[in-house]
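In what follows, residues are counted from 1 in the order of the sequence shown. Atoms within a ligand are numbered from 1 in the order they appear, just like the ligands themselves.
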Amino acid sequence: MTCSFRILYFERVSSTQDVAKKNLKENLVVVAEEMYAGRGRRGHKWHAPRGGLWMSAVVKPPEKMHLLTLAAGVAVVKALSELNISAGLKYPNDIFVNGKKAGGILTELYGELAVVGIGINLQNQIPDELRDIAISLPDIKRDALLGSILKNLCGEIKKSPAEIIREWKQHSITLGRWVRVSEVREVYEGIAMDLDEDGFLLVKTDAGIKRVVAGDVAFINPEKDYIL
Ligand code: BTN
């Protein structure tokens, strides 16, 4: 089954998430040339000057909201692959290309509907302080990527939880790696082992297996990488 999206374009907005929330209707997509108050996960600021893909889509979420972030990640990786870019997924919401962050996903729930925000660095400038960790994809045309993401998103969000998790794992660059997890109350390190049946990351630490529900995950000690 295909989906049809209605796209609203803006020159400059605070955040496409805010505009989508104000106009909450299933299959509405908000795209902006630039955002002056773009936001990322866990209250992080998202730098969004002209040249990138900054979009928010209103969708009916799967029963388990967390799976929406994973499904959107898979949709973005598939869309990039259609445009000959090989990307991978860092838990839970990062799109990586050549070891650096090319984009991210922010999902927010408003009643019965969810807003999936997707930001991908394309022709936009990356601030100097982020050059070591972020990358842009200057050869990708924004509207081609937008179309491909929407097509893939439509397909991914209809899949079963098990299928979403299986596909996320297929595109993961997280599993098998040493990670440092920063949560509100604790920071711990261990090996990213697997996703559980709800799509949460399981990290094997000295104190046992931890389930990462809300936390930032950073890669550490590449020489200790472990192949699962
Ligand atoms: C992250 O990596 O923390 C998530 C970044 C999400 C950025 C996108 S850009 C479009 C949408 N509007 C926002 O303000 N944020 C998301």
Nearest 0.5 angstrom please: [X] [atom1] to [Y] [atom2], how far?
X	Y	atom1	atom2	result
Leu24	Leu113	CG	CG	5.0 Å
Leu150	Asn27	CG	CG	9.5 Å
Leu80	Leu137	CG	CG	6.5 Å

Exercise. Report the relative orientation of the aromatic rings in Phe200 and His66; use parallel for angles under 30°, tilted for 30 to 60°, perpendicular for over 60°.
Key: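 Rings of Phe200 and His66: parallel, under 30°.
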Considering only heavy atoms of [X], which atoms of ligand 1 have at least one such atom less than 4.0 Å away?
X	answer
Gly40	1 (C), 3 (O), 4 (C), 5 (C)
Ile105	4 (C)
Thr16	10 (C), 11 (C), 12 (N)
Arg41	1 (C), 3 (O), 4 (C)
Ser56	11 (C), 12 (N)
Gly38	14 (O)
Arg39	6 (C), 7 (C), 13 (C), 14 (O), 15 (N), 16 (C)

Practice problem: Check side chain to side chain donor-acceptor pair (under 3.5 Å) between Thr16 and all other residues, then give those that pass, not counting sequence neighbours. | Solution: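 In terms of side chain to side chain donor-acceptor pair (under 3.5 Å), with neighbours along the sequence ignored, Thr16 is linked to Ser56.
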Exercise. Select one of side chain, backbone, both or neither to describe which atoms of Asn93 lie under 4.0 Å from any atom of ligand 1, heavy atoms only.
Key: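 It is the side chain that gets close, since no backbone atom is under 4.0 Å.
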Quiz item: Looking at ligand 1, does Met35 have a heavy atom less than 4.0 Å from it?
Solution: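 Yes.
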Quiz item: Applying a strict 4.0 Å limit to heavy atoms, is Ala48 in contact with ligand 1?
Solution: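 False for this residue.
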Practice problem: Give the residue and atom name of whichever protein heavy atom lies nearest to atom 5 (C) of ligand 1, and the separation in Å to one decimal. | Solution: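 Scanning the protein heavy atoms, the shortest distance from atom 5 (C) of ligand 1 goes to Trp46 CE3, 3.4 Å.
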Exercise. Provide, to 0.1 Å, the distance between atom 8 (C) of ligand 1 and the closest protein heavy atom, together with that atom's residue and name.
Key: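 It is Gly119 N, 3.6 Å.
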Self-check item: Nitrogen or oxygen of Lys101 less than 3.5 angstrom from that of ligand 1
Solution: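 The answer is yes, given that Lys101 and ligand 1 share an N or O pair closer than 3.5 Å.
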Quiz item: Between Ser15 and ligand 1, is there a nitrogen or oxygen pair with a distance under 3.5 Å?
Solution: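 Between Ser15 and ligand 1, an N or O pair is found under 3.5 Å apart.
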Practice problem: Determine, stepwise, if the pair Thr107 / Met65 fulfils side-chain contact (heavy atoms from CB on, under 4.5 Å). | Solution: CA-CA 8 Å; Thr107 50; Met65 178 65 183; 3.9 Å; yes
Quiz item: Got a salt bridge between Arg12 and Glu33, using NZ or NE/NH1/NH2 to carboxylate O under 4.0 Å?
Solution: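 Looking at Arg12 and Glu33, the cut-off is not met.
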Quiz item: Does a salt bridge link Arg42 with Glu183, judged by any charged N lying under 4.0 Å from a carboxylate O?
Solution: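 So Arg42 does not pair with Glu183 through a salt bridge.
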Quiz prompt | Worked verdict on Asp18 versus Val13 for side-chain contact (heavy atoms from CB on, under 4.5 Å) | solution = CA-CA 9 Å; Asp18 297 337; Val13 294; over 6 Å; no
